[in-house]
Novice: 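One structure, pasted below without further comment.
All heavy atoms count here, side chains included; hydrogens, waters and symmetry mates do not.
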Amino acid sequence: MPFSRKSKAMQIIKEYNSSDTTADILIDKLIAWDVKIIFSLVGDGINPIFESLRKRKDEIRLITVRHEEAAAFMASGYAKSTGKLGVCLATSGPGAVHLMNGLYDAAMEDASVLAITGVVPHDLIGTQYTQEIDTVSMVKDIAVYNQQITGPAHAETIIDLACRAALSTPGLAHLSISTDIQQKTLKEDDHSEKAAHLRGSSTFTPRAEVPSDTVLEQTAEMLNNSAKIMILAGRGALKAKAEVTQLAEKLGAPIAKALLGKSLLPDDSPFTTGGIGRLGTLPSKQMMEECETLLILGSTMPYLEYYPKKAKGIQIDRNPERIGLRYPVQIGLIGDLQATLKALLPKIKVNTNKHFLELAQERMKDWKKTLAKLENDSGKPIKPPFLVKEVSRLIDDSAHISIDTGAHTLFTARHLQVKEGQQITVCGNLASMGPGLSYAIAAQLAFPGRQCIAMVGDGSFTMLMGEMATAVLYNLPVKVIVFKNNGLILDGFEQEEIGSKRYGIDLQPIDFVKIAEACGAEGYHCNNPSELEGVLKAAFASEKPCVLEVEVDPATAPDPAEKIKA
C-alpha cells in the first residue's frame with residue numbers, strides 16, 4: 001500500500017512487511033513521492049524492479065521506450081514541463097550508459113530527475129563481469145545525490161533522500177541497485193545496531209528563501225536611481241510571470257527573454273523585446289548596449305557578446321554559483337525568484353520616465369515589420385520563417401512546443417510568437433540534438449488534453465525517431481514538424497563563418513512519411529507553400545501521432561539578428 005498522505009509536509013511513516021523486497025520498497029516510495037510515470041527499457045539488470053512495477057501498475061505507469069537516451073530525455077522533459085519529479089530506469093551496462101545524454105540535460109538545467117540503474121550482482125562487482133559498469137562513478141560529476149543501495153533496509157531511507165535532493169536542489173539524483181539486491185527481502189536484511197531506528201519519509205516542502213531586508217533595500221535604491229534599466233529573464237523566472245511584469249511596469253524596463261524563458265511573457269507583451277543572443281532580436285541587442293543597469297532574473301544566457309559593454313549589474317538567482325557567472329554584478333541576491341520579487345516590489349518606486357521602454361517598443365514595431373517581410377515570403381522552396389509563422393498561427397493557444405537543436409531552433413525561437421498559456425521545452429544548456437520528440441511525448445503524457453508539438457530538424461529527428469513507435473504504442477497524438485533540408489545546415493554555416501568550406505554536413509534523404517507510417521503513425525509531406533496551411537490543419541486535426549515533413553530552403557541562413565535584412 002502507498003504512504004498515507006495528510007499533506008506534503010506531514011506523513012505517516014510506513015512499516016514494510018518482512019516479505020517486501022528492495023524493488024517493492026523502491027516502487028512504493030516513488031508512489032509516495034507522487035511519481036505517476038517512469039520511463040524505461042526492459043533488461044535483465046532491472047527485471048525485479050519491473051516485477052514490482054507490474055504489481056503496482058494501477059498506481060504508477062511504465063512507459064517503455066526504444067532507446068534509453070529517450071527515457072532520460074523524457075524524464076528531463078517531464079520535469080521541465082511540470083516541475084515534478086521525472087524518473088527514468090535503465091538496465092546494467094549499456095542501458096545505463098545510454099541514459100547519460102539525457103541525464104546531462106537534466107543536470108545542466110536543474111530539472112528534478114531521479115535516474116535508477118541496475119548493476120550486476122553485488123558479489124560480482126569488480127570482476128569485469130558482463131555489463132559491469134560503475135554507474136555511481138559515471139554520474140558523480142553531475143548528480144546532486146548519488147548512491148548505491150545495499151539492501152531493503154538501506155532503501156527505506158536512501159530513496160527518500162534521493163527524491164528530496166532532486167526536488168529541493170533541484171537537479172539529478174541517481175540510485176544504483178544490484179540485481180540480487182533488488183530481490184532481497186527485509187527478512188533477509190537487518191538494520192545495523194547504529195541504524196536500527198533510521199527510516200525515511202516522503203516529507204517535502206519547496207524552499208522559498210528570500211535575501212535579507214538590507215540587501216533588498218540596497219537593490220531597490222540602485223533600481224530607483226537608475227534611468228535606463230534592462231531586464232534579462234530566463235528559465236528561473238518562469239514561475240514569477242506576474243511579479244516580473246509588475247516590476248517591468250514600475251521600472252519602465254524592457255525585458256529580453258533568454259530562450260529557456262521564452263514562454264515567460266507572450267511575444268506581444270508591451271514589455272518584452274523578445275529573445276536575446278544569436279537567436280534573439282535586434283531590439284534586445286540594442287537595448288542591452290544602451291542600458292545603464294542590467295537586472296538579471298534567473299538566467300545564465302551564454303552569449304557573452306550580447307551583454308552590455310558597461311552597465312551596473314544586479315542579479316537574482318537561487319544558486320549562488322551563478323551570481324556573476326556571465327556578467328559582473330554589484331549586487332547579487334540569492335533566493336527564490338518569485339518570493340524575492342514579492343519582497344522587493346513594495347520598495348520599488350514608479351518610474352514616470354518611460355522613454356527607455358518607449359524606445360524599445362518603437363524598435364519592436366520596426367523589428368516586427370522586418371520579421372513580417374521574411375515570414376510572408378511564400379516562395380519555393382519553403383522558407384523556414386514562413387513555416388514557423390504558419391505553425392505559430394495555427395497551433396492552439398494552450399499548445400506545448402518542444403524545440404530540438406539545429407538551424408530550425410533559431411528560426412523557431414525568433415519567428416514563433418508565443419502566446420499566453422503556451423509552454424516551451426528546449427534543450428538549452430546542453431543543446432543536444434535529438435530530444436524534441438521525447439520532450440513532446442513527455443508533455444503529452446503530462447498534459448493529455450493539450451496539443452503537443454515538436455519542432456525538429458531532419459538531422460535531429462533521425463537520432464531518436466524510433467520513439468514514434470512509442471507515441472503510437474501509447475496513443476499519444478504528438479505532432480512532429482520536420483524541417484527537411486537533407487543536411488546539417490547550421491554546422492555548414494558555422495564552418496563558413498570561420499573561413500572553412502562545408503564538409504561532412506550532407507544527409508542521405510529519408511522519407512519520413514514512410515517512417516511515420518511504418519511506426520503506425522500518420523505521415524504528411526509538403527513542398528509547396530500554397531499547400532502548407534491545409535497540410536498543417538489536417539495534421540493538427542488528427543487524433544493520431546503525426547509526422548509532417550516539410551521541405552525547406554537550405555540556403556536560408558540562420559543569421560544573428562544584426563545580420564538580418566528583409
Novice: How long is the span from the CD1 atom in Ile159 to the OG1 atom in Thr22, to the nearest 0.5 Å?
Specialist: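 Here the interatomic distance stands at 8.0 Å.
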Novice: Would you call Lys347-Asp213 a salt bridge at under 4.0 Å N-O?
Specialist: yes
Novice: So, Tyr16 versus Asp24: side-chain donor-acceptor pair below 3.5 Å or not?
Specialist: no
Novice: Quick check: do Arg61 and Leu445 have side-chain heavy atoms less than 4.5 Å from each other?
Specialist: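 Touching, per the 4.5 Å side-chain cut-off.
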Novice: Can any side-chain N or O of Ser76 pair as donor or acceptor with the backbone N or O of Ala72 at less than 3.5 Å?
Specialist: no
Novice: What distance do Thr157 atom OG1 and Gln147 atom CD have between them, rounded to the nearest 0.5 Å?
Specialist: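 One finds 12.0 Å between OG1 of Thr157 and CD of Gln147.
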Novice: Could you measure the distance from the OG1 atom of Thr179 to the CD1 atom of Ile46? Nearest 0.5 Å is fine.
Specialist: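 Output value for this atom pair is 9.0 Å.
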Novice: Does the side chain of Phe50 come within less than 4.5 Å of Ser40's, by heavy atoms?
Specialist: yes
Novice: Are any of the side-chain heavy atoms of Phe73 and Glu467 separated by less than 4.5 Å?
Specialist: no
Novice: Atom NZ of residue position Lys57 - does it have more than 12 heavy atoms of other residues, nucleotides or ligands inside 6.0 Å?
Specialist: no
Novice: Are the charged groups of Asp34 and Lys36 less than 4.0 angstrom apart, N to O?
Specialist: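 Salt bridge flag = yes for Lys36 with Asp34.
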Novice: Quick one: are Val482 and Val547 in side-chain contact, heavy atoms under 4.5 Å?
Specialist: yes
Novice: Restricting to non-hydrogen atoms, name the atom on Ile510 and the atom on Met465 that form the minimum distance, rounded to 0.1 Å.
Specialist: CD1-CE, 4.2 Å
Novice: For Trp33 and Phe204, take the angle between the two ring planes, folded into 0 to 90°, and tell me which bin it lands in: parallel under 30, tilted 30 to 60, perpendicular over 60.
Specialist: tilted
Novice: Just how far is it from atom OG1 of Thr412 to atom NZ of Lys262, taken to the nearest 0.5 Å?
Specialist: 9.0 Å
Novice: Gly45 and Ser92: which non-hydrogen atoms are nearest, and at how many Å?
Specialist: CA-OG, 4.1 Å
Novice: Does some side-chain heavy atom of Thr214 sit less than 4.5 Å from a side-chain heavy atom of Glu217?
Specialist: no
Novice: Within the side chain of Thr82, is there an N or O that forms a donor-acceptor pair under 3.5 Å with the backbone of Lys84?
Specialist: yes
Novice: Could you go through the side chain to side chain contact (heavy atoms under 4.5 Å, CB included) check for Ile331 and Val215 one step at a time?
Specialist: CA-CA 8 Å; Ile331 299 178; Val215 177; 4.2 Å; yes
Novice: Between the side chain of Thr425 and the main-chain N/O of Gly77, is any donor-acceptor distance below 3.5 Å?
Specialist: no
Novice: Quick one: CZ on Arg54 to CD1 on Ile27, what's the gap to the nearest 0.5 Å?
Specialist: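 That separation rounds to 12.5 Å.
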Novice: Distance check, rounded to the nearest 0.5 Å: His408 atom NE2 versus Leu416 atom CG?
Specialist: 11.5 Å
Novice: When you measure from the side chain of Asp180 to the backbone of His122, do you find a donor-acceptor pair of N or O atoms at a distance under 3.5 Å?
Specialist: yes
Novice: Indicate the atoms forming the closest heavy-atom contact of Val113 with Ala166, along with that distance.
Specialist: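 What the structure gives for the nearest pair is O-CB, 3.8 Å.
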Novice: Given the rule in the side chain to side chain contact (heavy atoms under 4.5 Å, CB included) test, do Lys140 and Val136 qualify, once you have shown the distances and angles that lead to the verdict?
Specialist: CA-CA 6 Å; Lys140 67 178 181 180; Val136 171; 5.7 Å; no
Novice: Would you indicate whether the side-chain heavy atoms of Ser178 and Gln148 approach each other to under 4.5 Å?
Specialist: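 Counting from C-beta outward, Gln148 and Ser178 do come under 4.5 Å.
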Novice: Test your reading of the model: is there a side-chain donor-acceptor pair from Asp317 to the backbone of Ile323, 3.5 Å cut-off?
Specialist: no
Novice: Show the numbers, then the answer: is there a side chain to side chain contact (heavy atoms under 4.5 Å, CB included) between Leu186 and Ile25?
Specialist: CA-CA 10 Å; Leu186 271 172; Ile25 293 169; 4.1 Å; yes
Novice: Has the side chain of Gln315 got a donor or acceptor atom that lies under 3.5 Å from a matching backbone atom of Gly324?
Specialist: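 Side chain of Gln315 to backbone of Gly324, a donor-acceptor pair under 3.5 Å: yes, one is there.
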Novice: Does atom NZ (Lys419) have a neighbourhood of more than 12 heavy atoms from anything else shown, all under 6.0 Å?
Specialist: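 Check passes, neighbour count above 12.
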Novice: Does any N or O in the side chain of Glu243 come within less than 3.5 Å of the main-chain N or O of Gln338, such that one atom is a donor and the other an acceptor?
Specialist: no
Novice: Just do the side chain to side chain contact (heavy atoms under 4.5 Å, CB included) check on Leu341 and Val244 with the steps written out, would you?
Specialist: CA-CA 8 Å; Leu341 290 183; Val244 173; 3.8 Å; yes
Novice: Taking C-beta and beyond as the side chain, do Ile158 and Leu161 meet within less than 4.5 Å on heavy atoms?
Specialist: yes
Novice: Using the rule side chain to side chain contact (heavy atoms under 4.5 Å, CB included), only one of Leu62, Asp28, Leu30 pairs with Arg56; which is it?
Specialist: Asp28
Novice: Between Glu209 and Arg318, is there a salt bridge with N-O shorter than 4.0 Å?
Specialist: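 Here Arg318 does not pair with Glu209 in a salt bridge, since their nearest N and O are not under 4.0 Å apart.
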Novice: Contact between Thr470 and Arg66 at the side-chain level, heavy atoms closer than 4.5 Å - yes or no?
Specialist: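 Sidechains of Arg66 and Thr470: in contact.
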Novice: What's the shortest heavy-atom distance between Ile255 and Ala233, and which atoms?
Specialist: CG2-CB, 4.0 Å
Novice: Going by salt bridge (charged side-chain N to carboxylate O under 4.0 Å, His left out), name the residues that satisfy it together with Glu109, two or more places apart in sequence or in a different chain.
Specialist: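 Testing Glu109 for salt bridge (charged side-chain N to carboxylate O under 4.0 Å, His left out), a comparison that skips the adjacent residues, returns Lys80.
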Novice: When you measure from the side chain of Asp396 to the backbone N and O of Ser398, does any donor-acceptor pair fall under 3.5 Å?
Specialist: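 Looks like no, no N/O pair under 3.5 Å.
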Novice: Ignoring hydrogens and angles, state whether a donor on the side chain of Tyr474 or Thr64 is under 3.5 Å from an acceptor on the partner side chain.
Specialist: yes
Novice: What closest approach, in Å, do Leu238 and Ser263 show between heavy atoms, and which atom pair accounts for it?
Specialist: CD2-OG, 3.8 Å
Novice: Give the minimum heavy-atom separation between Ala446 and Tyr78, together with the two atoms involved.
Specialist: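 Distance-wise, the nearest heavy atoms are CB-CE1, 3.7 Å.
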Novice: Looking at Gly436, is its backbone amide N or carbonyl O close enough to the side chain of Asp404 to form a donor-acceptor pair, meaning the two atoms are under 3.5 Å apart?
Specialist: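 It does hold such a pair.
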Novice: Just by modelled atom types, is the Ser432 backbone N or O under 3.5 Å from a matching donor or acceptor in the Thr405 side chain?
Specialist: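 At least one qualifying donor-acceptor pair exists.
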